[in-house]
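Data first, discussion second: the structure below is written as structure tokens.
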Amino acid sequence: MYSLLKQAALPDQKAYIVGGAVRDILLNKKPEDIDIAVSEDPKKYGNRLAKITSGRLITIGKDQKKIIKVVSRKGIFDISPIRGYSIKEDLALRDFTINAIALNIEDNSITDPFLGAEDIKNKKIAPVSESIFKKDPVRLIRAYRIAARYNFTISKTTFDLIKKYKNLITESAAERITKELFKILDAPLSCRYIIRMADSGLLFSIFPELFPLTKNLSDSPPKPLQNKKECSELKHATILNAGIEEAFKELKFEHNAEAKQDTKPYNDFEIHLHNKESCSITRQAKILNAEIHGVLRGLKFEHNAEIGQDTKLCKRIFGHTIRAYNLLETILNGDFNSPINPAFIIDKKNIPSLKLAILLHDIGKPATKKIDADNTVTFKGHDKKGAEISKKICKRLKTSSKQTDYITFIIKNHLDTLYLFQKNRIEPDTKEAEIKFFIKHGDRTPDLLIHTIADILGKNGTPLQRDMDFVFFGIKLYNKFQNQFLPAKSLPPIITGADIIKKFHLKPSPLFAKILNKVEIAQINEKITNKAEALKIAEKIIFSNS
């Protein structure tokens, strides 16, 4: 590749590989695309490179923002002129030190004025200058995206700058924010970075709807951001920190800020079932506890005793969100162990949306909070309200219609599995109810089950017996969906709308859907096996609606 890039250079033309490509090369990773900075005319270089690589040249944008791109089987190359009078001046305009390194194509020499190679070695995200976020606020979230991708840490300097300029994120185009956010969510170990985004306040600048979950829910929740002016100061730090700290205490962490090593980095536990067999989720517990404990040790919480007892409930809500998110990630990573070995299978493309759904699944609680006569706090209808709010969030972030529908569907229905579980405890024979559940949720059934299992396990530091009963119910439900429902669903229908028209001389109407749904349930439930039995069901429904 280097020889091809070298051949494309004009006589006396300087050309450098810059940015993330150099970072990836130093990390022994294959760059996704290659940025090239050249002296003189970048289009001439692009034409030569396109010819050498049998690719095609594409010009995007106008004037100073023009981008020359070469697309070929050898790779994708973005070509731009060197900004300033030298490559060092160009690098000084970039975002993070690990992206401010240049590789001379002529002699493979490295230009690294900000010691980015050292930061790569130390796995650290550090800024080139304090002004990087003011020049392009999307870099606020990009810092976490890069850290999540490579498992890097955010330096204190970077963290302090993010905390200072967090509200500038609303000045960035929604599409750019969403692109960076979904890359974070797609990372296997994104939870630690979501927590750090919360600690800096950036998470609440992006999702102000989450902020009420960190404070006393008797207060009025902040309004969603409508414009730049409304994004002022979100005073979150003290309450948020105390909330997360309280949540982590529920996991029985022993945090010692002075210790160089953890005295007890995680808490192992086993859940004993009715059959006396041990359901070991020890590995999951270790990952969850050690992971969050490590994050907690890296954060500097400032606990304020003046917060009072009122915040105990809201601490549990935000702490629960974090625990549920981390447990979801644990399950998706295949680190959830049980004797049944669930081996959940979902479309990997949905993973970022599923994580976003669990991050937002309780945002409807502040608006639905009620206090009963016995002073019991309830959040009835928070699932439906949360779906409404999440739809507005998705519109603001300009997610695709498919992503929006998926996220709002999961949030709107995230209690359905629990309702079915409660029904099953009262009426053990719920096969028909299960079939209705599968039909209603369709291909998203596995995603919903994973979400709900993480949600339930995330309610307590150490799962209670009823929580584990629910987990096994959810796993069995998943197995029934895969091994019984899907094969039965794939069978041709016993009757169609045409059969109803022919037999009863009716015109198509909404009643047909009701009939065919009832017949489908009976067929999957093996209560009918032929057309005559199906038409009897149709006749009863028609008669009852006449």
Side-chain angles (χ1 to χ4, degrees), residues 20 32-33 60-62 65 67 78 95-96 131-149 154 161-187 190 193-194 196-198 200-213 221-234 236 321 325 349-364 367 385-412:
E32 293 180 359
D33 50 41
I60 304 172
K62 296 179 180 180
K65 295 184 179 181
I67 298 174
D78 290 338
D95 50 11
F96 307 108
S131 63
I132 64 168
F133 298 125
K134 290 189 287 186
K135 291 178 180 177
D136 184 2
V138 84
R139 291 168 171 172
L140 290 158
I141 190 170
R142 184 179 297 156
Y144 292 99
R145 186 260 291 175
I146 296 173
R149 180 182 178 187
I154 304 290
L161 288 174
I162 292 172
K163 194 171 184 179
K164 180 179 179 180
Y165 295 114
K166 59 185 180 294
N167 291 330
L168 292 180
I169 192 66
T170 57
E171 298 180 4
S172 297
E175 296 90 344
R176 296 182 69 205
I177 295 172
T178 300
K179 183 178 179 181
E180 298 288 348
L181 175 65
F182 271 66
K183 286 183 178 180
I184 293 173
L185 297 171
D186 201 35
S190 64
Y193 301 102
I194 294 297
R196 287 165 181 164
M197 285 174 67
S200 69
L202 180 62
L203 186 68
F204 303 106
S205 292
I206 299 170
F207 300 108
E209 297 86 352
L210 276 176
F211 180 59
L213 303 186
K223 296 178 181 179
L225 301 180
Q226 299 296 328
N227 52 50
K228 299 175 187 177
K229 291 182 180 179
E230 290 184 22
C231 181
S232 58
E233 284 297 322
L234 290 174
H236 72 285
T321 297
Y325 185 101
K349 292 180 181 178
N350 289 332
I351 286 178
S353 295
L354 186 59
K355 289 183 183 180
L356 183 55
I358 205 162
L359 186 65
L360 302 178
H361 79 285
D362 276 344
I363 55 174
K385 188 65 179 178
E388 292 176 16
I389 297 171
S390 67
K391 188 172 184 179
K392 293 178 182 178
I393 292 173
C394 288
K395 183 178 180 180
R396 187 172 75 232
L397 292 177
K398 296 185 179 180
T399 58
S400 69
S401 57
K402 185 176 180 181
Q403 290 168 333
T404 300
D405 181 65
Y406 179 94
I407 292 165
T408 55
F409 179 90
I410 295 294
I411 294 174
K412 183 178 181 179

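Ion pairing of R176 with D136 is present here, as a side-chain N (NZ or NE/NH1/NH2) and a carboxylate O approach within less than 4.0 Å. Taking a cutoff of 4.0 Å between a charged side-chain nitrogen and a carboxylate oxygen, K134 and E171 do not qualify as a salt bridge. For the pair K391 and E209, the salt-bridge criterion is not met [side-chain N within less than 4.0 Å of a carboxylate O].
Rounding to the nearest 0.5 Å places OG of S390 at 7.5 Å from CD1 of I407. Separation of atoms OH (Y406) and CG (N350) is listed at 4.5 Å; rounding is to 0.5 Å. Atom OH of Y325 and atom CG of L354 lie 9.5 Å apart (nearest 0.5 Å). Between the CZ atom in R139 and the CD1 atom in I146 there is a gap of 10.0 Å [rounded to 0.5 Å]. Distance check: M197 CE to L210 CG gives 10.0 Å after rounding to the nearest 0.5 Å. Residue I141 holds its CD1 atom at 4.5 Å from CG of L181, rounded to the nearest 0.5 Å.
Nearest heavy-atom pair, S205 versus N167, reported as atom, atom and distance to 0.1 Å: OG-OD1, 2.7 Å. Taking all atoms of both residues into account, the shortest heavy-atom contact from I154 to A143 is CD1-O, 3.6 Å. Among all heavy-atom pairs drawn from I169 and P137, the shortest one is CD1-O, 3.5 Å. Among all heavy-atom pairs drawn from P212 and P208, the shortest one is CD-O, 3.4 Å. Taking each heavy atom of K412 and A387 in turn, the nearest pair found is CB-CB, 3.6 Å.
Residues forming a salt bridge (Lys or Arg N to Asp or Glu O under 4.0 Å) with K385 (at least two apart in sequence, or on another chain): E388. Checked against ring pair (Phe, Tyr, Trp, His ring centres under 6.0 Å), F409 has the following partners two or more places apart in sequence or in another chain: H441. D95 pairs by the salt bridge (Lys or Arg N to Asp or Glu O under 4.0 Å) definition with R142, not counting sequence neighbours.
Residues I393 and I363 meet the side-chain proximity criterion, which asks for heavy atoms closer than 4.5 Å. Between T404 and S401 there is no side-chain heavy-atom pair separated by less than 4.5 Å. Within the 4.5 Å cutoff, the side chain of L356 has heavy atoms near those of the F182 side chain. Between L359 and L203 the shortest side-chain heavy-atom distance falls below 4.5 Å. No side-chain heavy atom of Q403 sits less than 4.5 Å from a side-chain heavy atom of C394. A 4.5 Å side-chain heavy-atom check between I184 and R149 finds every atom pair outside the cut-off.
A distance-only check finds a donor-acceptor pair linking the side chain of R396 to the backbone of I206 [under 3.5 Å]. Judged purely by atom type and a 3.5 angstrom limit, E180 has no side-chain atom pairing as donor or acceptor with the backbone of I177. Listed for the T408 side chain is a donor-acceptor partner under 3.5 Å among the backbone atoms of D405. Within the 3.5 Å criterion, the main-chain N or O of A147 finds a donor-acceptor partner in the side chain of Y193. At distances below 3.5 Å, not a single donor-acceptor pair connects side-chain atoms of K398 with backbone N or O atoms of A174.
In this structure, F204 and F211 have perpendicular ring planes: the angle between them is above 60°, well past the 30° mark.
For the residue pair S200/Y144, the side-chain donor-acceptor check at 3.5 Å is satisfied. No hydrogens or angles considered: nothing links the side chains of D362 and T321 as a donor-acceptor pair under 3.5 Å. In summary, the side chains of T178 and E175 do not present any donor paired with an acceptor at a separation below 3.5 Å, with no hydrogens or angles considered.
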>> Does H361 form a side-chain contact (heavy atoms from CB on, under 4.5 Å) with I358? I'd like the steps, not just the answer.
In response: CA-CA 5 Å; H361 79 285; I358 205 162; 3.9 Å; yes
> Passes side-chain contact (heavy atoms from CB on, under 4.5 Å), L185 versus I351? Steps please.
Replying inline: CA-CA 8 Å; L185 297 171; I351 286 178; over 6 Å; no
> Between F96 and I132, does a side-chain contact (heavy atoms from CB on, under 4.5 Å) hold up when you go through it step by step?
Replying inline: CA-CA 8 Å; F96 307 108; I132 64 168; 3.7 Å; yes
